Amino acid sequence: MIQAILSSLILASGLQGITSFLEERVLDESKSTLSTDLLFAEIKRKDMAADNAWLALKNRLEYDAYRAMLKEKYVKAIGGFFEKTPLNAKVIEKVSADGYCVEKILFESRPGFYVTAIMYLPDPNRFAPPYKAMAVSCGHSDSGKAYRQYSRVGVIAAKKGIASLIYDPIAQGERLQDSDETCVWAHYHIGRLSTLLGYSMAQLRIWDGIRALDYLDSRADIDHAGYGFAGHSGGGTMTSLMMSIDDRIKSATPVCFLSTIRDVYKAKGPQDPEQVIFGQVEIGLNHSSFVLMGGNKVRMHCALNDFFPFEGAVKTYDVVRKTAENCDLGEDSYSMMEFYGKHSWPESARQSAVNWIERSLLGEKASSRLDMTALRLGDLTFKADGVDWGFYRERGNVLGGGSVTNVPGFRSVFRLFKDDLASFKAKRKSLSLAEMKKVVDDVAGIVQPEARKCEVKVISEATVEDATATKIVFAFEGGLELPGVLMRPKRETGEPVLMAGALKKSSFSKYVQDKLSSGSVVLLVDLMGLGEIGAASVPYFAMKMNKTTEECAAVLLYSLGRSLVGEGASEIIAAAKYLQEKTGRKVVVMAAKRSVVASAHAYASRRDVVASVESISPKSKTPSWEEIIQKSSYNCGFANMVFGALRYYDWVDLLK
């Protein structure tokens, strides 16, 4: 009994010594935000290079060639387009109002994927059809099209002789998606899941916009020569995405979105999933590109005190203005209207937006140019009383129940994901280990250590519980430094073990003690976004929902066309290869929950280096990607996602 107690005390003392040592930093405190510092610096550099690419164009011929090339990359980046299927559009109700008419509309952007919309039509007694038309995309209001800032735009346009179609975005207004989340978090949830299928929230929402224009195309009372497009906030995002991709848009007015990627990320970090397109920074698809790429007339509307930094908007407009001059795009093709206050769509910007589209579409028949100074000053005394806000709140509902979930044949976005997953699985081919390695390397973007310069630096050496403990740093070309600890027992008889991917290395203490006692050499290493280098230097709004610290780094990488899974796998392989060279044996990877998906990819990529993968979090098992889709799971994040991977494999299959 006494011997057992003494043994327990010795073990506890040894564990405490290991824990204390592993809690010591390897790198200086100043490196705590290294992961996001490096990524933001790369994004800033490439965002500025994208601006310079536009400024380097010398004429209209070069301009047209460049924007055509960029548009092709853009379509690929969002995940391509879906097949156009029948809209099955229905006018549910027609209502006459003071100086205009309203039609409440239901159509399908994909089979069973219903879109609710309101069409504001001019009074036929004053304006004869066919009408020039515009579409309005809503910002992040749970009310969607029934939010009065947006319905007001429909009224202004109709009284100018312009028809406007205001449609509900996914998970807003009447387009609930089998979820009780507010629209911001619903978009975040949907955006994460779509990534696995090679889709994106941008693609899903662009497709709704394309089908909304298809609906305008289908109407005999609408002039199809070209449309306007407008929207605020999230709708400003969609206006920017749409005007740069759909040639039918001749005039556009994004409100409270355009700035620069570098200024937005510095101030607010990456925003909603539709605002972060896979690889957009890498291909040069930035805010200047959104304005210039469509070849249409664009007026930027920017709040002076917006959380989308106004100074960034000034930079983008400067690029636009100079490019327009260099390439002879026309003096009246671009404009910028700033207004007082914070993030909003005030009356001045509503009037300005409609006037810009009206003048672009109607030409000589349009109203005269507005006095912007008077408009801005008018906001200071604007009174909501007595203003016609159109069909807002319950009056703006298309359906009696106020939700598409009650419409026969309704398919939620989550149902579409499940159906598409089944289709992808049916098309998968059986692959050999060598073929799977190539697919995994390509899809996840794994970089082998032989192709990536890395110097291993020894920081210090100590003795910890009879083991030699060496603090080391994996210093990669480009500035990335991964802090590590190499621990060698007196007798090296066991298989070498790499422990990676915890929030702190001391989380592995118990496992380190066990492996050292069995004669294993143990290497502990922090990965990008985790451990000593895992603090975020730029904010990320979704931290409120997804508490994983590495999520910000994952989304920054996503905008660069890479995945944190692929980056982590590359780092694990490099560390494992180093350990293999030290011991002459293949390495067992013991992965924390945060790194188990990356570890599985490392195993599939380099079975000549990694012998096996063990998870140290069996009680909180990391779900398979298929399980995430089937359950529409919240238990996921960009940190554990690979764009389009489920078209080829599930991460759990890599361990077989």
Side-chain angles (χ1 to χ4, degrees), residues 72-83 110 170 187-207 241 245 270 273-283 285 413-431 435-447 551 553-570 597-598 600-602 604-605 622-633 636-655:
E72 184 178 347
K73 291 183 177 180
Y74 176 20
V75 173
K76 183 178 180 181
I78 64 170
F81 295 134
F82 300 106
E83 177 189 359
R110 293 179 69 188
I170 300 168
H187 286 188
Y188 176 55
H189 184 195
I190 295 165
R192 289 181 295 172
L193 297 183
S194 68
T195 293
L196 288 172
L197 299 168
Y199 300 153
S200 64
M201 195 62 188
Q203 175 205 38
L204 294 168
R205 295 205 52 198
I206 286 170
W207 189 246
L241 299 185
I245 208 167
E274 56 264 49
Q275 295 180 16
V276 185
I277 296 169
F278 183 69
Q280 71 177 99
V281 176
E282 187 64 30
I283 65 173
L285 182 65
V413 67
F414 303 114
R415 179 71 261 169
L416 293 176
F417 287 165
K418 294 171 190 176
D419 293 345
D420 290 340
L421 172 60
S423 175
F424 293 151
K425 286 184 66 179
K427 296 175 183 176
R428 284 184 198 162
K429 298 178 181 178
S430 179
L431 301 175
E435 289 170 331
M436 179 59 80
K437 168 188 165 50
K438 186 177 187 313
V439 168
V440 167
D441 283 356
D442 290 345
V443 174
I446 295 174
V447 180
E551 191 73 352
V555 179
L556 293 174
L557 274 167
Y558 183 87
S559 72
L560 289 162
R562 308 199 294 270
S563 70
L564 192 62
V565 169
E567 174 63 29
S570 303
V597 177
H601 281 73
S605 177
T622 303
S624 69
W625 286 335
E626 180 173 348
E627 183 181 348
I628 287 170
I629 298 295
Q630 295 295 356
K631 294 184 177 180
S632 304
S633 175
C636 61
F638 286 100
N640 274 332
M641 303 290 192
V642 174
F643 187 79
L646 267 178
R647 298 188 179 213
Y648 308 98
Y649 63 89
D650 195 332
W651 77 265
V652 293
D653 298 334
L654 304 181
L655 296 174

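Worth saying up front: this structure is predicted, and the values here are computed from it rather than measured. For the single chain, residues carry numbers from 1 onward in sequence order.
Applying the side-chain contact (heavy atoms from CB on, under 4.5 Å) criterion to Leu560, with sequence neighbours excluded, gives Leu39, Glu42, Ile43, Lys46, Val281, Glu282, Arg562. Phe414 meets the ring pair (Phe, Tyr, Trp, His ring centres under 6.0 Å) test with His189; sequence neighbours excluded. In this structure, the side-chain hydrogen bond (donor to acceptor under 3.5 Å, both in side chains) partners of Lys425, at least two apart in sequence or on a different chain, are Glu626. Every residue two or more places apart in sequence or in another chain was checked for a salt bridge (charged side-chain N to carboxylate O under 4.0 Å, His left out) with Asp650, and none qualifies. Residues passing the side-chain contact (heavy atoms from CB on, under 4.5 Å) test with Ala600 are Trp651, Leu654, Leu655, sequence neighbours excluded. Partners of Lys438 under the side-chain contact (heavy atoms from CB on, under 4.5 Å) rule, at least two apart in sequence or in another chain, are Asp442. The salt bridge (charged side-chain N to carboxylate O under 4.0 Å, His left out) check on Glu435 picks up nothing, with sequence neighbours excluded. Remark: Glu567 pairs with Arg452 by the side-chain hydrogen bond (donor to acceptor under 3.5 Å, both in side chains) rule, at least two apart or across chains. Taking Tyr199 as the reference, Phe82 meet the ring pair (Phe, Tyr, Trp, His ring centres under 6.0 Å) condition, with sequence neighbours excluded. Scored by the side-chain hydrogen bond (donor to acceptor under 3.5 Å, both in side chains) test, Tyr74 finds no partners at all (sequence neighbours excluded). Take Ser563 and apply the side-chain hydrogen bond (donor to acceptor under 3.5 Å, both in side chains) test, not counting sequence neighbours, and it matches no residue. Residues passing the salt bridge (charged side-chain N to carboxylate O under 4.0 Å, His left out) test with Arg428, sequence neighbours excluded: none.
Annotation: the span from Ile446 atom CD1 to Ser570 atom OG amounts to 5.5 Å, rounded to 0.5 Å. To the nearest 0.5 Å, atom OG1 of residue Thr622 and atom CG of residue Asn640 are 6.5 Å apart. Taking CG of Asp441 as the reference point, atom CE of Met436 lies at 11.5 Å (rounded to 0.5 Å). In this structure, Ile628 CD1 and Leu421 CG are separated by 11.5 Å, a value rounded to the nearest 0.5 Å. Between atom CD1 of residue Ile190 and atom CG of residue Leu204 there is a gap of 7.5 Å, rounded to the nearest 0.5 Å. Separation of atoms CD1 (Ile283) and NZ (Lys76) is listed at 10.0 Å; rounding is to 0.5 Å.
Looking at Val642 and His601, their side chains come closer than 4.5 Å, going by heavy atoms from C-beta outward. Side-chain contact between Ser632 and Lys418: present, with at least one pair of heavy atoms (C-beta onward) separated by less than 4.5 Å. Two residues are said to be in side-chain contact when any heavy atoms from C-beta on lie closer than 4.5 Å; Lys73 and Leu285 fail this criterion. For the pair Phe638/Pro270, no side-chain contact is recorded, criterion being any heavy-atom separation below 4.5 Å from C-beta on. At least one side-chain heavy atom of Val439 sits under 4.5 Å from a side-chain heavy atom of Tyr649.
Nearest approach of Gly568 to Ala598, heavy atoms of both residues: C-CB, 4.0 Å. Across Ile277 and Ala77, no two heavy atoms sit closer than the pair CG2-CB, 3.9 Å. Closest heavy-atom contact between Gln275 and Gln280: O-OE1, 3.4 Å. The two residues Ala639 and Val565 come nearest to each other via the heavy atoms O-CG2, 3.5 Å. When all heavy atoms are compared, the tightest approach of Thr195 to Gly191 is OG1-O, 3.1 Å. Taking all atoms of both residues into account, the shortest heavy-atom contact from Phe417 to Ser194 is CZ-CB, 3.7 Å.
In this structure, Ser200 contributes its side chain and Ile78 its backbone to a donor-acceptor pair below 3.5 Å.
Each of Leu193, Val597, Val652 was checked for a side-chain contact (heavy atoms from CB on, under 4.5 Å) with Trp625, and the lone residue meeting it is Val597.
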